[in-house]
Amino acid sequence: MIELENVCFAYEKEIALRYVNLHIEKGDSVVIQGPNGCGKSTLIRLLNGIIFPSEGRYLYQGHEINEKALKDSRFAKWFHQQMGYVFQNADTQLFCGSVEEEIAFGPTQMGLPESEIQKRTEDCLRLFGIEKLRERPPYHLSGGEKRKVSLACILSLNPEVLILDEPLAGLDEKTQEFLIGFLKSFHKAGKTLITITHNRELAHTIGTRFAVMNEEHELNML
Ligand SMILES: Nc1ncnc2c1ncn2[C@@H]1O[C@H](COP(=O)(O)OP(=O)(O)O)[C@@H](O)[C@H]1O
Ligand SMILES: [Mg+2]
């Protein structure tokens with residue numbers, strides 16, 4: 001489903017990915033670990049189509065993902081709906097006036113019928129236990145609440161792949177447990193997960209395949 005072939009990426013002169021090869025099948029749960037600055041977040045941005053390989057190829061379901069492909073707005077819409085990306089910092093992702101609007105935003109952009117938008121919004125509010133927050137402005141919520149809202153926003157798009165960058169960082173124990181349970185059920189439903197984490201417990205509970213990046217910006221499967 002996801003294929004990286006000898007992918008390199010550099011910011012100006014700063015190399016961040018060096019000849020990365022990665023093959024992910026539908027239903028895999030891949031955990032990526034590695035020291036700070038090795039290129040994990042860069043890899044995630046690339047998988048999500050925010051940046052593109054400077055060398056090598058990235059294929060998603062057989063389609064090459066590059067700047068040109070994502071200029072086709074129908075293709076870009078499909079691709080971004082397939083890939084759910086949870087930012088390391090939820091603040092950069094939340095911008096609507098209320099939690100409810102925030103969750104409905106993606107489905108509205110997808111052009112879904114009003115009844116479907118309402119159904120998905122209610123389902124996601126319930127799934128994350130945030131019904132009480134529905135009218136609150138997202139930027140005034142606590143860190144854990146924001147994380148739940150940003151996950152709810154992504155899930156309302158019904159993505160095929162969920163990509164998470166340090167999902168447990170800054171969450172209290174109860175919210176962490178809730179999130180781990182949620183990720184397990186997402187994976188059980190046959191969906192694909194890609195998670196960056198330093199948390200060993202999380203890695204072992206949800207991972208089915210493991211990869212490590214090193215300081216040379218190379219990726220190795222374990
Ligand atoms: N926007 C950027 N501009 C220039 N260099 C960057 C940028 N983002 C990351 N880098 C550099 O690329 C390398 C990989 O960063 P990153 O992917 O964030 O690593 P990780 O997530 O593994 O900590 C680091 O050397 C970092 O300083
Ligand atoms: Mg990072």
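One is the number of the first residue; the rest follow in order along the sequence. Atoms considered below: every heavy atom in the structure, side chains included; atoms not considered: hydrogens, waters and symmetry mates.
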Is the backbone N or O of [Y] less than 3.5 Å from a side-chain atom of [X], with the two atoms forming a donor-acceptor pair by type?
| X | Y | value |
| --- | --- | --- |
| Lys77 | Asp72 | no |
| Thr197 | Ala203 | no |
| His187 | Leu183 | no |
| Lys191 | Pro159 | yes |
| Ser98 | Arg136 | no |
| Tyr58 | Leu47 | yes |
| Ser150 | Lys146 | yes |
| Asn48 | Ile50 | no |
| Asp28 | Val30 | no |

Heavy-atom closest contact ([X] atom, [Y] atom, distance):
| X | Y | answer |
| --- | --- | --- |
| Pro167 | Leu202 | CG-CD2, 3.8 Å |
| Pro53 | Ile65 | CD-O, 4.3 Å |
| Asn199 | Gln176 | ND2-OE1, 4.4 Å |
| Leu46 | Phe52 | CD1-C, 3.7 Å |
| Met213 | Val20 | CE-CG2, 4.5 Å |
| Ala152 | Ile103 | CB-CD1, 3.8 Å |

Just jot down the salt bridge (charged side-chain N to carboxylate O under 4.0 Å, His left out) partners of [X], sequence neighbours excluded, or say none.
| X | result |
| --- | --- |
| Glu122 | Arg134 |
| Lys26 | Glu160 |
| Glu101 | none |
| Glu55 | none |

Partners of [X] by ring-ring contact (aromatic ring centres under 6.0 Å, His included), sequence neighbours excluded?
| X | answer |
| --- | --- |
| His140 | none |
| Phe75 | His63, Trp78 |
| Phe128 | Phe178, Phe182 |

Could you measure the distance from the [atom1] atom of [X] to the [atom2] atom of [Y]? Nearest 0.5 Å is fine.
| X | Y | atom1 | atom2 | result |
| --- | --- | --- | --- | --- |
| Asn66 | Lys71 | CG | NZ | 9.5 Å |
| Ser29 | Lys188 | OG | NZ | 13.0 Å |
| Cys124 | Leu155 | SG | CG | 5.5 Å |
| Thr121 | Leu125 | OG1 | CG | 6.5 Å |
| Glu166 | Ile196 | CD | CD1 | 7.0 Å |
| Thr195 | Phe210 | OG1 | CZ | 10.0 Å |

Are more than 12 heavy atoms, taken from residues, nucleotides or ligands other than Glu64, located less than 6.0 Å from that residue's CD atom?
yes

Who clusters with Ile117? Use side-chain heavy atoms, under 4.5 angstrom, across I, L, V, M, F, W and Y, and order the result by chain and number.
Met110, Leu112, Leu157

Could you walk me through whether Glu5 and Leu59 pass side chain to side chain contact (heavy atoms under 4.5 Å, CB included), step by step?
CA-CA 8 Å; Glu5 297 170 353; Leu59 301 173; 4.0 Å; yes

What pairs with [X] under side-chain hydrogen bond (donor to acceptor under 3.5 Å, both in side chains), at least two apart in sequence or on another chain?
| X | result |
| --- | --- |
| Gln81 | none |
| Arg120 | Glu116 |
| Glu3 | His23 |

Determine whether [X] and [Y] make a side-chain contact, defined as any pair of heavy atoms from C-beta on separated by less than 4.5 Å.
| X | Y | answer |
| --- | --- | --- |
| Arg147 | Thr175 | no |
| Gln33 | Lys40 | no |
| Glu145 | Ile130 | no |
| Leu70 | His80 | yes |
| Thr42 | Tyr11 | yes |
| Ile32 | Val212 | no |
| Leu164 | Leu151 | yes |
| Glu177 | Leu171 | no |

Could you walk me through whether Ile194 and Ile2 pass the side chain to side chain contact (heavy atoms under 4.5 Å, CB included) test, one step at a time?
CA-CA 11 Å; Ile194 303 172; Ile2 290 175; 3.9 Å; yes

For the aromatic rings, using the six-membered ring if either is Trp, is the centroid distance between Phe79 and Tyr60 under 6.0 Å?
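They qualify: ring centres under 6.0 Å apart.
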
So, for Phe105 and Phe95, is the gap between ring centers shorter than 6.0 Å?
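Ring-ring flag for Phe105/Phe95: true, centres closer than 6.0 Å.
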
Side chains of Asp165 and Ser41 only: does a donor on one sit below 3.5 Å from an acceptor on the other?
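Their side chains do contain a donor-acceptor pair, which is all the 3.5 Å distance test asks for.
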
From CA spacing to verdict: side chain to side chain contact (heavy atoms under 4.5 Å, CB included), Val99, Glu135:
CA-CA 6 Å; Val99 166; Glu135 287 174 11; over 6 Å; no

For residues Tyr19 and Leu43: do they belong to one hydrophobic cluster (side chain heavy atoms under 4.5 Å, members Ile, Leu, Val, Met, Phe, Trp, Tyr)?
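Different clusters.
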
Would you please test Leu4 and Arg57 for side chain to side chain contact (heavy atoms under 4.5 Å, CB included) and show each step?
CA-CA 6 Å; Leu4 295 183; Arg57 296 206 303 165; over 6 Å; no

Please set out all donor-acceptor pairs under 3.5 angstrom arising from side-chain atoms of residues 215-222, sequence neighbours excluded.
residue, atom, partner, partner atom, Å
His217, ND1, Ala16, O, 3.4
His217, ND1, Cys38, O, 2.7
His217, NE2, Ile15, O, 3.2
Glu218, OE1, Asn214, ND2, 3.0

